[in-house]
Visitor: 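Here it is, the structure in full.
This is a predicted model, so every value here is computed, not measured. Count residues from 1 along the sequence. Just the heavy atoms: all of them, side chains too, but no hydrogens, waters or symmetry mates, feed the values below.
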Amino acid sequence: MLERISNLPDHVLGFTAKGNVTAKDYESVIIPAVEEQFSRQDKVRFLYHLGEDFSGFEAAAMWDDTKLGLKHLRGWERMALVSDVGWVRAAIKVFALAIPGHVRVFHNSELADATRWVCE
């Protein structure tokens with residue numbers, strides 16, 4: 001399940017993942033929000049929190065995430081991933097090398113720092 005993080009500036013999108021994230025979650029929550037954001041601005045800042053309640057991604061959700069990222073490859077100004085899941089943290093650090101914007105990975109205990117950084 002995905003929940004939008006409220007109280008972020010207009011130029012920042014944020015989501016918290018709980019439980020198992022499915023392709024339907026991406027297609028009904030993240031993709032429409034990202035597309036709407038890109039319709040209003042060229043660069044987007046993105047905060048993604050995979051907290052204690054996060055249990056994993058459906059393979060199709062990971063594919064949707066990849067497609068969305070590649071579609072707007074040059075549009076990601078800043079991306080902050082907040083998670084203590086080792087394989088997710090490692091994967092983002094590898095993919096960050098291919099993303100033109102700034103990407104940082106934070107631990108769950110650093111959510112406030114991540115939010116501050118992505119919003120500044």
Visitor: Could you name each residue pair satisfying salt bridge (Lys or Arg N to Asp or Glu O under 4.0 Å) that touches residues 44-55, not counting sequence neighbours?
Guide: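 As it turns out, the salt bridge (Lys or Arg N to Asp or Glu O under 4.0 Å) pairs with a partner in residues 44-55, which skip direct neighbours, are Arg45-Glu77.
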Visitor: Distance check, rounded to the nearest 0.5 Å: Lys24 atom NZ versus Met1 atom CE?
Guide: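 So the gap between those two atoms works out to 13.5 Å.
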Visitor: Is there a path from Val34 to Leu47 through hydrophobic residues (I, L, V, M, F, W, Y) whose side chains come within less than 4.5 Å of each other?
Guide: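 No.
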Visitor: Not counting sequence neighbours, which residues clear salt bridge (charged side-chain N to carboxylate O under 4.0 Å, His left out) with Glu110? List them please.
Guide: none
Visitor: Rounded at 0.5 Å granularity, tell me how far OG1 in Thr22 sits from CG in Leu2.
Guide: 7.5 Å
Visitor: Do Val44 and Trp117 land in one hydrophobic cluster if side-chain heavy atoms of ILVMFWY residues count as linked below 4.5 Å?
Guide: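 Looking at the clustering, Trp117 is in a separate group from Val44.
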Visitor: Check step by step if side-chain contact (heavy atoms from CB on, under 4.5 Å) holds for Leu81 and Phe46.
Guide: CA-CA 8 Å; Leu81 173 81; Phe46 195 82; over 6 Å; no
Visitor: Between side-chain atoms of residues 4-18 and protein atoms elsewhere (two or more places apart, or another chain), which donor-acceptor pairs fall under 3.5 Å?
Guide:
unit_1, atom_1, unit_2, atom_2, d
His11, NE2, Cys119, O, 3.4
Lys18, NZ, Glu3, OE1, 3.4

Visitor: CG of Asp25 to CG of Asn20: how many Å apart, nearest 0.5 Å?
Guide: 8.0 Å
Visitor: Could you tell me if the side chain of Leu50 sits less than 4.5 Å from the side chain of Val82, heavy atoms only?
Guide: no
Visitor: Are Val29 and Tyr48 co-members of a hydrophobic cluster defined by side-chain heavy atoms under 4.5 Å apart?
Guide: yes
Visitor: Please list, one pair per line, the donor and acceptor atoms closer than 3.5 Å that link side chains of residues 89-106 to other protein atoms, with sequence neighbours excluded.
Guide:
unit_1, atom_1, unit_2, atom_2, d
Arg89, NH1, Ser83, O, 3.1
Arg89, NH1, Phe106, O, 3.1
Arg89, NH2, His107, NE2, 3.2

Visitor: Going by side chain to side chain donor-acceptor pair (under 3.5 Å), name the residues that satisfy it together with Arg116, two or more places apart in sequence or in a different chain.
Guide: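 Scan of Arg116 (side chain to side chain donor-acceptor pair (under 3.5 Å), adjacent residues dropped) gives Asp113.
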